[in-house]
Amino acid sequence: MNEAIASQPQRNIVSRLWNDKETRSVIIQIIAFAAIFAFFFFMVRNAISNLESIGKDISLDFLSQPSSYDISQSLIEYSSRSTHFRAMIVGILNTLLVAVFGVILATLVGFLLGVLRLSKNWLTNKLAYVYIEYVRNVPVLLHILLLHGIIVHALPLPKNAINLGDTAFLTNRGFFIPSPSFEPLFWVVAGLFVAGIFFSIWFSRYAHKVQDATGRHYPVFWINLGAIIGIPVLAYFILGSPIIWEIPELKGFNYRGGMVVRPEFVALWIALSLYTAAFIGEIVRAGISAISWGQSEAAAALGLSRGRILNLVVIPQALRIIIPPLTSQYLNLTKNSSLAIAIGYMDIVATIGGVTLNQTGREMESMTIVLLLYLTFSLLISSFMNWYNKRIKLVER
Amino acid sequence: MTENAQSTQATASSENYAVIIRDMHKWYGEFHVLKDVNLNVTKGEKIVICGPSGSGKSTMIRCINALEEHQQGDIIVDGTELTNDLKNIDAVRSEVGMVFQHFNLFPHLTVMENCTLAPIWVRKTPKAEADSLAMEYLERVKIPDQANKYPGQLSGGQQQRVAIARSLCMRPRIMLFDEPTSALDPEMIKEVLDVMIELASEGITMLCVTHEMGFAKTVADRVIFMDGGEIIEENIPDEFFDNPQHDRTKLFLSQILNH
C-alpha cells in the first residue's frame, strides 16, 4: 500500500505536472495563447482569401482620392473635391468637438445633480431624483432624436427666427450667433488672461508657503479669480472693447455672417451631456454619501467651518471614489457620440465609416480605421484619468 | 451631592463653571430623548456618565459641542451660550475637544496631518509650530514613531490615542469622550485608559461616557447615572458604587459589575 502511494507520482508524469499549481498555470496560459493566436490567424487568413476571391485587396490608396461628398459642419476647410483622408479628419474633429463639449457640460450638470440629490430640501431633491430616473432609463438614441426633432420641427424658419436682442437668432437651420474678429488691442487682454493663469499658479504656491511659515491665510480663490477673470474683463472695457462682433443678418432665405451652430451638433451635444449627467449625478451622490457622517462630525468637533470640512475632509475622500466610474462615463459619452449618424451629424462613423465606405467599397479598411480611432480616444481618456486618479491617491495613501 | 448640584444651579455664575446645562430638553421627532437635564460642571472637574444603552448619555455630551441641537433650555460652555449663531458654535467647538467611539480619524491624512489640520486651518498656526505641537502631544500619547503613517496602518488602540492627540492639539479646556473604549479589543483598552488617566491628572475638564467602572473609580470626581433621558442619580464614585440610592441604578450596577 505504502509502496503504491510512493511510486504513483513517478508512474504518471502528466498527472503530476497537471496537479502542480505552478506548472498547471503555465500549461493553461500556453493553451490559451495558442488558441487566441490560432483564432486570429484563421480570421485574418479567412478575410484575405475571401477578399481575394471577390477580387479585392487591402489598400489605403482610397484615402488620397477625392471624396466628392459635402459635409455640413467642418472645423477645417473642406469641399467635395477634398480627399477621403481630409473627410476623415473632419469626422475626427467633429467627434472630438462633441466629445470635449459633452464631457464639460455633463460634468457640470452631473455634479450639480449629485449635490441636489443630497440636498435636504425635499423639492430639489425629488426634482433631481425624477430627472435622473427619467433620463437614464430612456435610451440615449431617443433623447438625440427627440431633441433633434424639437429643434428642426418646432423652431421657426429663418425668416421668422426667434430673435435674441438682434444679436443671436434661433432657427430650424441652426443657431446663428455673432462671430468675433479681434483688433490688435485684444491681444493685450488675451495676454493679461494668460498672465493671470501663471500668476495664480505662482500665487497659490506662495500663499501655501506663507501659510506654512506664518499661519496667515490669503483668500486664494478670490484673488486668483480676480487675476484670471477680473483684470482681463476690466482691461477689455478700459481698452474700449477691442473685439468687433459680426452680427448675422437675414439675406434671402437664410442668415449670412456670424457663426452658425448646426441643429445636429446642438441636439447631439445636449442629449449626450444630459444623458451622461444623470449617471454622473448618481456617481457623485454615491461618492459623497460613502464618506461616513463621522468624518464630518469629527471635523466639525475640531471647529472647522462647513466649507473647510467639505474642502479638506469630504471632497478629497469622495474624489477617490468618484474618479474611476467617472472615467467610464467619459468613455461612454465619447463612444455614444457615434449615434450621431442617426441625425446626420458628420462624425467619424458618418464620414469614413459611412459615406466613404459606401463610395469606395473599402469596408475592411474603413471599419478598421474607425475601430482604431475610437480605441485611441478611449485609451487616451482612460490613461489621463488613471494618471489623475493615481495623483490624488498618492496624496492620500 | 445631588442636592448640592441642584442648589448651586440657581446661582450658577458662568465664571466657575466649564459647562452649565439648564432645563434642557431634546426630541428626535416625536421621541423625547433628553428630559429636563440639569448639570453644572466646575472647571477641572472629571465626570463619568454611565447608563444603559439608549439612555441619552451620548446625546447629552454631543449637545455640549452642538453636534446635536437641543430644543429647549440653555447650554453655556465656557461662558458662551449655544444658540443658532454658527460663529459661536465654531468658537465653542474649537475650545471643546471630542473623542469618538469609532475614532473618526481622517483616513486620507497622515497621523501628523490629522493632528495639525485644525491648528493650521482654525488657529492659523504656522506649519512648523503646528508640527512640533502635534509631536509634543503624540509623545504624550506615546506614539511619536507613528507620525508619518496613515490611520489605516495603526491598531485600534493606537488610532484612538491619535484621536486624543488630535483633539489636544487644539489645546481645549474641556474634553468630551463618547465611549472611547467601546470599539476596542480588550488588550487595547488599557493603553487608551492610561492616556486618559494621565490627562485627567492635568487639570483639564473631562466628561466621559464610559462603562469602564475602574476608570470611573480612579479619576471621576462625580459619577452620573442616566436612564430614559433623565439624570437619575449623581454622586462621588465611592458613594455611587457602594451605596446607590435608586433602584434603577442598583439594577444597572448589578448587571455590569456581576460578570
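Below, chain A is the first sequence line, B the second, and so on; all start at residue 1.
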Legend entry - Any A/Ile270 side-chain heavy atom under 4.5 Å of A/Leu105 side chain: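 Yes, their side chains come closer than 4.5 Å.
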Legend entry - Under the side chain to side chain donor-acceptor pair (under 3.5 Å) test, residues paired with A/Thr124 that sit two or more places apart: A/Ser119
Between [Y] and [X], does any NZ, NE, NH1 or NH2 come within less than 4.0 Å of an OD or OE carboxylate oxygen?
X	Y	answer
A/Asp212	B/Lys127	no
B/Lys142	B/Glu139	no
B/Glu95	B/Arg123	yes

Contacting region of [X] [heavy-atom separation from chain A under 4.5 Å]:
X	answer
B/Asp90	both
B/Phe100	side chain
B/Leu105	backbone
B/Arg166	both

Inset, instruction - Pick out which of B/Val192, B/Leu193, B/Val219 makes a side chain to side chain contact (heavy atoms under 4.5 Å, CB included) with B/Glu212. - result: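 The residue from B/Val192, B/Leu193, B/Val219 that satisfies side chain to side chain contact (heavy atoms under 4.5 Å, CB included) with B/Glu212 turns out to be B/Leu193.
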Legend entry - Part of residues 282-312 of chain A lying next to chain B, heavy-atom separation under 4.5 Å: A/Gly294, A/Gln295, A/Glu297, A/Ala298, A/Ala299, A/Ala300, A/Ala301, A/Leu302, A/Gly303, A/Leu304, A/Ser305, A/Arg306, A/Arg308, A/Leu312
Inset, instruction - Assess the side chains of B/Tyr137 and B/Arg171: does a donor N or O sit below 3.5 Å from an acceptor N or O? - result: yes
Legend entry - Max heavy-atom pair count under 4.5 Å with chain A, selected residue of B/Gln153, B/His102, B/Lys124, B/Glu129: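 Option with the top pair count is B/Lys124.
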Legend entry - A/Tyr206/A/Trp202 aromatic ring centres below 6.0 Å: yes
